[in-house]
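Chain naming here is simple, since letters A, B, ... match the order of the sequence lines and numbering starts at 1 in each.
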Number of protein chains: 2
Amino acid sequence: MGSAGGPMQGRKPEIERIFRALGDATRRAMVERLSEGPVSVSRLAEPLGLTLAAVVQHVQVLEESGLVRTEKVGRVRTCGLEPAGFAAAAEWIGEQRSLWEMRLDRLGELLAGGKGSENK
Amino acid sequence: MGSAGGPMQGRKPEIERIFRALGDATRRAMVERLSEGPVSVSRLAEPLGLTLAAVVQHVQVLEESGLVRTEKVGRVRTCGLEPAGFAAAAEWIGEQRSLWEMRLDRLGELLAGGKGSENK
DNA sequence: CAAACACTAAAGCAATCGCTTAAGTATCGG
DNA sequence: CCGATACTTAAGCGATTGCTTTAGTGTTTG
């Protein structure tokens, strides 16, 4: 299978972790909070009703995904968003969408010309 | 539809399933394949090296997330992408990004005055 | 210094996940 | 009608996840 139709795939292991990180509601809530500006880990934990240990684990997942960046000064670790990570995710989604729309355009031509077999 | 209260948060359970669905490499590969056009479940399974049962389960997850739509005619179930699902995901990501950038603008003003967190 | 504070690291546990095998249920082809 | 095809359903299993508790480490603060 020469696969002229599937040129790109699995380009980044980054994407794996990004979507996995975003697949958890708690983590998304943390991201939404961080989009308002950087906060410390314990501040992040406050509205979540979880132990600090649990929140630290979530922060680790977010940091490994590249969506969040943290820095420790003194005894406080401050977390903030890393826009590049979001760009990667948005890019992947955009690619699927544009491929799909491209394909819809071609389908339009086929329908105009007459109907034929669509997949073989 | 608009809930009075917060700006927006956890608006849709849809998002949960979308990101969770996209968090799996096999499912993303299936989506990439589907972005080239609709295919049957067994056709989808072929390049994946999995049992048909496993692929059916993945298709179910994708369908429940709203990213994929399927239709069964005769004994064949055909799968295709559902652009609306991707729109929802892209929208969520875009919101976090724009909030963050908005916030960066304000930060620029603060930096003009000095450095440090504005927290307390 | 001693106590409070903000994490950090490790162990353990129930629930979920991704997968398999095995046994169905409808079509379709001859 | 009989067999192949294309799923469908259910059970089960090992790995991963999200959490907790417990016990640290390093940092302020009185």
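In summary, contact between chain A and DNA chain C, defined as any nucleotide atom under 4.0 Å from a heavy atom of the protein, begins and ends at C:dA4 to C:dA9 in the 5' to 3' direction.
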Residues 44-60 of chain A side chain polar contacts: donor-acceptor under 3.5 Å, at least two apart:
{"unit_1": "A:T51", "atom_1": "OG1", "unit_2": "A:A54", "atom_2": "N", "d": "3.3"}
{"unit_1": "A:H58", "atom_1": "ND1", "unit_2": "A:R27", "atom_2": "NH1", "d": "3.2"}

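Considering only heavy atoms from C-beta on, B:V68 comes within 4.5 Å of B:L81 through its side chain.
In B:R69, the CZ atom is not crowded: 12 or fewer heavy atoms of neighbouring residues, nucleotides or ligands sit closer than 6.0 Å.
Listed by chain and number, the residues in a side-chain hydrogen bond (donor to acceptor under 3.5 Å, both in side chains) with A:R20 are A:E16 (sequence neighbours excluded). A search for side-chain hydrogen bond (donor to acceptor under 3.5 Å, both in side chains) contacts involving B:T70 returns B:E63, B:R77, not counting sequence neighbours.
In this structure, OG in B:S35 is found 13.5 Å from CZ in B:R28, a value given to the nearest 0.5 Å.
Counting only residues at least two apart or on different chains, no salt bridge (Lys or Arg N to Asp or Glu O under 4.0 Å) pair has a member in residues 51-62 of chain A.
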Base contacts versus sugar-phosphate-only contacts with protein, heavy atoms under 4.0 Å: please encode nucleotides 5-17 of chain D as B, S and - from 5' to 3'. BSBSB-------S
